[in-house]
Amino acid sequence: MHQGDWPEPVAISDLPRRGRAICTGVIDAVTILPASIAPAYTVIMTDREFHRVANDGGSHRLRLVWIGRRRMPGIIAGTRLRVEGMVSLRDGLPTMYNPRYEIIGIQES
């Protein structure tokens, strides 16, 4: 898949409460679960650097959860991602479960 194959991403603050969406952002935090809990790889993605709006009061955080996984190769803090999936509101935070994703490389000048 090429970058041109993805529709234009929306800002996390503009996500619907429920429905399909595409976002771009950077992994801000990773949650490591103990081995005694069912596997799920959970990260928080922010899009502040992609959508700079001063004092807009909106949320720029999206929770991504891969059920049944303890890790996702290449998805660590600082990784830039484009994700697509169904959005739902969980604990006040927009959340995508098992989203389709693409790691975005940084173009060097």
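In what follows, residues are counted from 1 in the order of the sequence shown.
- Sequence neighbours left out, the pairs with a member in residues 25-39 that pass salt bridge (Lys or Arg N to Asp or Glu O under 4.0 Å) are D28-R61.
- The closest donor-acceptor contact from the side chain of T79 to the backbone of G74 lies under 3.5 Å.
- Among T24, L62, V26, the single residue meeting the side-chain contact (heavy atoms from CB on, under 4.5 Å) criterion with M45 is L62.
- Of all non-hydrogen atoms in V87 and P16, the two that sit nearest each other are CG1-O, 3.4 Å.
- R17 is linked by a salt bridge (Lys or Arg N to Asp or Glu O under 4.0 Å) to nothing, counting only residues two or more places apart in sequence or in another chain.
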I'd like to know whether I22 forms a side-chain contact (heavy atoms from CB on, under 4.5 Å) with R82, so could you lay out the CA-CA distance, the side-chain angles of the two residues, the decisive distance to 0.1 Å, and finally the verdict. CA-CA 7 Å; I22 295 174; R82 182 178 293 115; 4.1 Å; yes

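- The salt bridge (Lys or Arg N to Asp or Glu O under 4.0 Å) check on D14 picks up nothing, with sequence neighbours excluded.
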Given the rule in the side-chain contact (heavy atoms from CB on, under 4.5 Å) test, do C23 and D47 qualify, once you have shown the distances and angles that lead to the verdict? CA-CA 8 Å; C23 293; D47 66 355; 5.9 Å; no

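- For residues 29-42, the set of pairs meeting the side-chain hydrogen bond (donor to acceptor under 3.5 Å, both in side chains) definition, not counting sequence neighbours, is empty.
- Looking only at side-chain heavy atoms (C-beta outward), I27 and I76 stay at 4.5 Å or farther from each other.
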Sequence neighbours excluded and cut-off under 3.5 Å, please list the side-chain donor-acceptor pairs for residues 64-73, or say none.
unit_1 : atom_1 : unit_2 : atom_2 : d
W66    : NE1    : P99    : O      : 3.4
R70    : NH1    : I37    : O      : 3.4
R70    : NH2    : A35    : O      : 3.2
R70    : NH2    : I37    : O      : 2.8

Should I12 and T46 be marked as a side-chain contact (heavy atoms from CB on, under 4.5 Å) after you check the CA-CA gap, both sets of side-chain angles, and the distance that decides it? CA-CA 8 Å; I12 291 173; T46 181; 5.6 Å; no

Output side-chain donor-acceptor pairs under 3.5 Å for residues 89-97, partner residues at least two apart or in another chain, one line each.
unit_1 : atom_1 : unit_2 : atom_2 : d
T95    : OG1    : R63    : NH1    : 2.9
T95    : OG1    : L93    : O      : 3.0

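- Under a hydrophobic-cluster definition in which Ile, Leu, Val, Met, Phe, Trp and Tyr are linked whenever side-chain heavy atoms come within less than 4.5 Å, directly or via other members, I44 and I75 are assigned to different clusters.
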